[in-house]
Amino acid sequence: MTTRRLLLVNGPNLNLLGIREPGIYGTETLADVVSLVERTAAQHGFEVRAIQSNHEGVLIDAIHAAREDCSGIVINPGGLTHTSVVLRDALSGVALPVAEVHISDVNAREEFRHFSYVRDVATVHVIGEGVPGYAIAVTKLIDVITGLADG
Ligand code: CA2
């Protein structure tokens with residue numbers, strides 16, 4: 001039977017959401033993001049374990065632990081998107097379906113944000129939709145998990 005729990009991962013600096021750079025990332029806080037993801041998942045009968053860390057190893061340990069009791073991962077890796085082979089290896093290692101979320105349109109920003117180490121280990125991508133993009137990602141990921149979509 002499918003475990004009806006998602007892991008929500010937010011990477012470095014996303015604890016600053018709503019506090020700094022509202023012109024790029026909006027005014028909603030990380031707590032708002034977690035609440036949105038929990039409410040969206042609950043509509044489909046899923047619960048959420050949420051983690052934000054500024055430390056790569058903490059994120060990797062949480063991803064490994066998800067193997068035991070989660071059926072999918074929603075992740076905004078923050079700047080690690082563009083730098084981290086080890087984060088990518090952790091995601092591919094646990095072999096759970098992954099949704100990659102970016103609040104801003106990374107493809108319309110600096111060149112160094114155009115490449116993502118996570119892109120091809122994720123089955124769902126939601127980019128540049130602001131904080132509501134997390135809800136879109138949850139719904140699409142649950143469709144993949146429950147077999148409504150191929151991913
Ligand atoms: O658009 C996104 O969601 C990003 O993943 C956010 C990362 C950035 O490095 C990626 O290129 C795109 C940055 C997260 C930092 O978030 C902040 C929020 C408010 C104030 C300062 C940073």
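Because the structure is a prediction, the values reported are computed rather than measured. Quick note: numbers below take in every heavy atom, side chains included, and nothing from hydrogens, waters or symmetry partners. Both ligands and their constituent atoms are indexed starting at 1 by order of listing.
- Contact check for Pro12 versus Leu80: side-chain heavy atoms found under the 4.5 Å cut-off.
- Counting the atoms of ligand 1 from 1 in the order shown, those under 4.0 Å from a heavy atom of Leu14 are 14 (C), 16 (O).
- Counting the atoms of ligand 1 from 1 in the order shown, those under 4.0 Å from a heavy atom of Ile103 are 1 (O), 2 (C), 3 (O).
- Residue Asn76 has at least one N or O atom closer than 3.5 Å to an N or O atom of ligand 1.
- The shortest N or O to N or O distance between Tyr25 and ligand 1 is not below 3.5 Å.
- A heavy-atom distance below 4.5 Å is not found between the side chains of Asn76 and Val9.
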Determine, step by step, whether His125 and Val101 satisfy the side chain to side chain contact (heavy atoms under 4.5 Å, CB included) criterion, reporting the C-alpha distance in whole Å, the side-chain angles of both residues, the deciding distance to 0.1 Å, and the verdict.
CA-CA 6 Å; His125 306 88; Val101 181; over 6 Å; no

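- Residue Arg113 has at least one nitrogen or oxygen atom sitting less than 3.5 Å from a nitrogen or oxygen atom of ligand 1, judged on distance alone.
- The protein atom (non-hydrogen) at minimum distance from atom 21 (C) of ligand 1 is Glu21 OE2, 3.7 Å.
- Surrounding CZ of Arg119 are more than 12 heavy atoms belonging to other residues, nucleotides or ligands, all under 6.0 Å away.
- The distance from ligand 1 to the heavy atoms of His82 drops below 4.0 Å at these ligand atoms: 10 (C), 11 (O).
- Ring geometry for His82 versus Phe112: interplanar angle over 60°, hence perpendicular rather than tilted (30 to 60°).
- In terms of protein heavy-atom proximity, atom 16 (O) of ligand 1 is nearest to Asn13 O, 3.6 Å.
- Each of the following atoms of ligand 1 lies closer than 4.0 Å to a heavy atom of Gly79: 7 (C), 9 (O).
- When hydrogens are left out, the protein atom nearest atom 4 (C) of ligand 1 is His102 ND1, 3.7 Å; that is the closest non-hydrogen contact.
- Put simply, the side chain of Thr81 gets close to the backbone of Gly78: a donor and an acceptor are under 3.5 Å apart.
- Side-chain contact between Asn54 and Gln52 is present, with heavy atoms from C-beta onward closer than 4.5 Å.
- Remark: ligand 1 atoms within the under-4.0 Å shell around heavy atoms of Val106 are 11 (O), 12 (C).
- For ligand 1, none of its N or O atoms has an N or O atom of Arg20 under 3.5 Å away.
- A side-chain donor from one of Asp32 and Thr29 sits under 3.5 Å from a side-chain acceptor of the other.
- If you check which protein heavy atom lies closest to atom 1 (O) of ligand 1, you get Ser104 OG, 2.6 Å.
- A donor-acceptor contact shorter than 3.5 Å is absent between the side chain of Arg5 and the backbone of Cys70.
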